Amino acid sequence: MSSPEALILRELIAGEPGWVSGTALASRLEMSRVAVWHHMEKLRAQGFAFEAKRAKGYRLAGRPAGLHAALIELQLKVRPRGFSLVVLDEVDSTNDEAARELAAGRPAPFAVLARRQTRGRGRFGRAWHSAENGNLYASFAFRPRVAPERMQTFTLWMGVNVCELIVNFTHLTPGLKWPNDLVFDGRKAGGMLTEARVDSDQIRDLVFGLGINVNSPPSGWPADLARRAVSLGELAGAPWDLNRLTAALIGRVLLAYGSFAEGEHAATFADLWHRFDVLRGRRATVLEAGERHTGVVTGIDGEGALLLREDGGRTRRFRAGEVTLEK
Ligand code: BTN
């Protein structure tokens with residue numbers, strides 16, 4: 001990330017909310033002021049706007065609404081050694097692209113983001129609506145090298161971290177619907193899809209996929225989703241800065257992975273889950289392996305399995321399944 005454009009952005013962001021003089025920019029970048037101006041034109045074409053004032057210099061007056069690799073990188077506050085970021089215009093699925101990159105030997109951790117997906121996937125092989133609409137489609141690749149049992153609560157742990165980050169960033173409070181939905185009042189604002197390749201007794205690699213409805217307008221959903229989906233922008237009444245939110249999310253996911261890998265999550269996980277859990281105490285039906293079980297959700301156990309007290313009084317645990325809340 002050392003193109004002249006990225007360097008100009010770095011200087012202007014570092015100088016915010018102040019101005020950066022054209023002479024200072026030119027000398028720091030070791031180029032002429034005409035060359036600086038030329039690179040700023042390129043940035044304008046990417047959606048940036050600059051204010052220019054005689055005797056003061058320049059400052060950023062507008063940023064692109066869509067994903068911008070350099071802008072995300074510049075705003076990353078957490079960056080483990082060797083981390084890399086891939087930002088694509090279009091891909092079949094960021095999870096699939098991350099898996100291909102892992103198979104090709106790309107050093108982990110890394111993240112793959114795309115402006116749109118042509119075959120975005122959710123749980124149970126369902127399609128994940130992935131138009132270029134200001135939403136986030138992201139996958140994070142890791143090589144944990146641990147026994148698969150160690151990862152049982154991984155998606156749930158990521159879920160509580162993503163929720164906390166959303167609370168801190170937007171002051172909106174999402175709920176978690178076990179095991180992988182981010183919801184507001186029953187409407188889905190995000191989903192997670194963790195996929196791992198396992199050797200005989202070890203995880204070879206793992207992809208954590210995250211889709212968040214950040215800025216899609218209410219009118220933008222296909223008819224079948226319109227009632228069930230919501231975006232953070234719709235809830236706030238204004239769009240969010242997608243690149244800043246993405247940088248914050250990347251940082252949080254990387255930190256959360258680190259604490260999970262070290263086993264540090266164990267102390268706070270149950271409390272955090274409880275804080276965001278929208279199922280506990282509610283009557284629900286769990287569909288698992290073609291069978292329906294109805295009762296009251298009492299929470300999750302230490303392995304992340306859902307606990308349902310059935311009407312007969314027996315508590316069943318589910319490692320997988322789909323939950324529907326009773327109205
Ligand atoms: C679900 O709710 O069923 C999970 C949805 C996960 C969607 C994300 S979008 C980025 C990543 N790439 C995919 O194909 N899926 C995940």
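Whatever order the structure lists ligands and atoms in, that order sets their numbers, starting from 1. None of the values given here were measured: they were computed from a predicted structure.
Which of E195, R121, M192 comes nearest to atom 15 (N) of ligand 1 through a heavy atom is settled by distance: it is R121. Nearest-heavy-atom check against atom 9 (S) of ligand 1 across E322, Q117, R123 picks out Q117. Here atom 1 (C) of ligand 1 lies nearest to N180 when heavy atoms of L136, N95, N180 are compared.
Near A138, meaning under 4.0 Å from one of its heavy atoms, ligand 1 places the atoms 10 (C), 11 (C). Counting atoms of ligand 1 from 1 in the listed order, those under 4.0 Å from a heavy atom of S139 are 11 (C). Set against the non-hydrogen atoms of G122, the atoms of ligand 1 under 4.0 Å away are 1 (C), 3 (O), 4 (C), 5 (C). Within ligand 1, the atoms closer than 4.0 Å to a non-hydrogen atom of W128 are 2 (O), 5 (C), 7 (C), 9 (S), numbered from 1 in the order shown. Of all atoms in ligand 1, listed by their number and element, those nearer than 4.0 Å to a heavy atom of T94 are 10 (C), 11 (C), 12 (N). Those atoms of ligand 1 with a heavy atom of G120 less than 4.0 angstrom away are 14 (O).
Summarising the geometry, atom OG belonging to S216 is positioned 7.5 Å from atom NE2 belonging to H129; distances are rounded to the nearest 0.5 Å. With rounding to the nearest 0.5 angstrom, the CD atom of E234 is 11.0 Å from the CZ atom of F184.
For R119, no nitrogen or oxygen atom sits less than 3.5 Å from a nitrogen or oxygen atom of ligand 1, counting backbone and side chain alike. Below 3.5 Å of separation, one finds an N or O of K188 facing an N or O of ligand 1.
At least one donor-acceptor pair closer than 3.5 Å links the side chain of N95 to the backbone N or O of L193.
Salt bridge annotation for E5-R44: absent, with no cationic side-chain nitrogen under 4.0 angstrom from a carboxylate oxygen. Remark: R283 engages D311 in a salt bridge, criterion side-chain N to carboxylate O under 4.0 Å. Under 4.0 Å is where a charged nitrogen must lie from a carboxylate oxygen, and between R123 and D181 no such pair does.
Relative to the ring axis of F110, R106 places its NZ or CZ within 45° and under 6.0 Å from the centre.
Between S32 and A26, the shortest heavy-atom contact is C-CB, 4.1 Å.
Contact annotation for D96 and ligand 1: no heavy atom of the residue comes within less than 4.0 Å of the ligand.
Screening R63, E73, R115, Q46 for a side-chain hydrogen bond (donor to acceptor under 3.5 Å, both in side chains) involving H68 leaves a single residue, Q46.
Scanning the protein heavy atoms around atom 8 (C) of ligand 1, the nearest turns out to be G211 N, 3.6 Å.
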